[in-house]
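Working notes, beginning with the structure itself.
Fair warning: this is a prediction, and the values are worked out from it, not measured in the lab. We count ligands from 1, going down the list as the structure has it; atoms in each ligand are counted the same way.
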Amino acid sequence: MADETQVDRIREAFHYQSRFKGSTMVFKIDFPVTEEPSFPHLVRDLALLARTGFRVVIVPGAKEWIDAVLTEYGIHSNYAGTTRITAGAAMPFVEMAAFHVATRFMTGLSADRVDAVTGNFVRARGLGVVNGLDMEHTGKVDKIFIDSLGRILNLGMVPILPCIGWSPTGKSYNVPSNEIALSVSIALGAVKLFIISAQGGIRTGAYALPDGIAIGEHGQVIRLSPPEAEALLAANAAAAGRDDKALTELDLALRASRAGVERVHIIDGRERGAILRELFSNLGVGTMVYADEYESIRTLKTSDIPDVLRLMEPLMQQGILIRRGIEDIRGKQDDYAVFEIDGSIHACGALHNWEGGQGEIAAIATDPAYTDMGLGSRIVRFLIDEAREKGLHRVFVLTTRTHDWFEFLGFKECSAESLPEQRRKQYDLKRKSKVFALELR
Ligand SMILES: CC(C)(COP(=O)(O)OP(=O)(O)OC[C@H]1O[C@@H](n2cnc3c(N)ncnc32)[C@H](O)[C@@H]1OP(=O)(O)O)[C@@H](O)C(=O)NCCC(=O)NCCS
């Protein structure tokens with residue numbers, strides 16, 4: 001039988017499923033991922049999404065495979081900075097390589113019986129002469145044919161856009177897949193863009209990180225708002241100039257989110273189930289750049305009470321929190337604050353007013369799947385700020401097992417005698433709670 005935590009995760013998956021069903025999601029998937037043992041699993045997950053009503057668009061990156069094919073045929077490429085100048089003689093080989101990679105997706109989707117179409121959905125034009133260099137067959141996106149793409153998506157089919165575009169006169173151009181992914185995401189109003197490569201997101205250690213950025217247990221930057229992503233790129237501008245792949249991906253993510261794509265996820269395509277974890281939970285494995293409201297601490301609404309009780313129930317059963325029912329919470333509803341992530345509640349806490357300018361911090365609980373991410377301490381800080389705004393001079397907490405944590409947050413142990421008189425009268429001698437307090441003045 002599934003335990004409560006599993007049930008919570010299933011619930012969370014349903015929440016995301018109903019929220020995103022029918023939405024367009026663009027998957028920019030870089031070449032080396034197609035060669036990884038995890039690739040069939042990744043395509044199976046894409047097929048699953050397409051079959052369950054998500055509108056899936058695939059943009060395969062083929063740079064390294066194009067390099068390999070050109071080398072194989074002895075064709076040398078010149079570069080303008082980091083951009084390949086695709087010569088006329090190279091173009092047939094570039095097309096061959098780009099379509100080869102696209103076919104890898106067709107093959108995988110066929111195995112899962114999902115219809116896919118590789119097509120001429122990109123109108124391109126040449127870059128022309130840049131700084132005295134003729135860019136020849138290197139092009140940029142001129143237009144995305146959204147009507148044809150829309151018709152294909154409406155049929156439940158998956159369009160695949162290789163890194164080739166065609167001019168109205170029938171000339172073909174090599175167009176960077178990042179630019180196609182960006183343009184198609186904007187043109188189709190995609191709610192999500194996934195950037196999937198063989199590295200996945202920004203990791204600590206390699207980059208200078210702005211303060212206050214959330215770091216995951218695998219050392220990855222979990223999420224960035226556009227200003228944070230911009231600050232990170234600025235702090236690592238020297239590496240960005242050296243064509244650092246992770247920073248290039250972050251730059252693409254930032255441009256997409258600035259253009260209105262709500263969420264951009266940069267993930268490691270070698271990790272099995274990475275897409276589903278990113279999509280159906282808040283416990284993703286990559287770096288997300290988000291342009292919409294993602295998380296907030298706010299006061300409790302009546303409709304939140306069942307969620308808050310569900311968070312507290314196991315802790316009440318273990319005797320860590322004192323028992324409260326719906327009526328107890330409803331009676332003091334304004335005292336409670338909740339930590340909402342993407343529409344679901346994952347932590348809560350309360351500040352009860354007592355006489356003599358004292359406030360009690362209570363009912364602090366974090367969803368076990370979301371611990372050690374700073375939710376608990378942010379709720380406590382929120383309540384402390386609230387206490388200050390109310391003009392309280394002291395907050396205290398009664399705790400049996402979490403005194404170390406409160407001490408870490410700056411609380412000091414004190415005697416039960418220091419409690420407000422009314423609260424002292426309710427002090428449960430059998431519980432033997434320790435009293436910790438924080439002076440606010
Ligand atoms: C205590 C609790 C609220 C912390 O929530 P959280 O969201 O994980 O908190 P944060 O992410 O802000 O802090 C996590 C840090 O506190 C530490 N911590 C967690 N519980 C602790 C405890 N009981 N004692 C000491 N430290 C603790 C973690 O190890 C972690 O340390 P790290 O940052 O060095 O890795 C959560 O574990 C919980 O719900 N506990 C049960 C309910 C409870 O005890 N409530 C308080 C009584 S009102």
Strictly under 6.0 Å, is that where the ring centroids of F105 and F39 end up? yes
Would you say the ring centers of F411 and F436 fall short of 6.0 Å from each other? no
Any idea which part of [X] is under 4.0 Å from ligand 1, heavy-atom wise: side chain, backbone, both or neither?
| X | value |
| --- | --- |
| D372 | both |
| R378 | neither |
| I320 | side chain |

Nearest non-hydrogen protein atom, [atom]:
| atom | value |
| --- | --- |
| atom 48 (S) of ligand 1 | I364 N, 3.8 Å |
| atom 11 (O) of ligand 1 | G374 N, 2.7 Å |
| atom 1 (C) of ligand 1 | T402 CG2, 3.6 Å |

Under the 3.5 angstrom rule, does the side chain of [X] hit a backbone N or O of [Y] as a donor-acceptor pair?
| X | Y | result |
| --- | --- | --- |
| D304 | L300 | no |
| E35 | F31 | no |
| D244 | A246 | yes |
| S257 | L254 | yes |
| R270 | A198 | yes |
| Y427 | S433 | yes |

Quick check: does [X] get an N/O under 3.5 Å from an N/O on ligand 1?
| X | value |
| --- | --- |
| W405 | yes |
| M373 | yes |
| S377 | yes |
| L315 | no |
| T371 | no |
| T366 | yes |
| L321 | no |

Atoms of ligand 1 less than 4.0 Å from R401 heavy atoms? 23 (N)
Atoms in ligand 1 with a heavy atom of A365 nearer than 4.0 Å: 39 (O)
In terms of ring plane angle, is the pair H265 and F194 parallel, tilted or perpendicular, where the classes change at 30° and 60°? parallel
As a test of the contact definition, would atom 16 (O) of ligand 1 count as having a protein heavy-atom neighbour under 4.0 Å? yes
With a 4.0 Å cut-off on heavy atoms, is A347 in contact with ligand 1? no
Determine the minimum heavy-atom distance between A124 and V175, stating which atoms define it. CB-CG2, 3.8 Å
Q426 side, atom CD; L419 side, atom CG - distance, nearest 0.5 Å: 10.5 Å
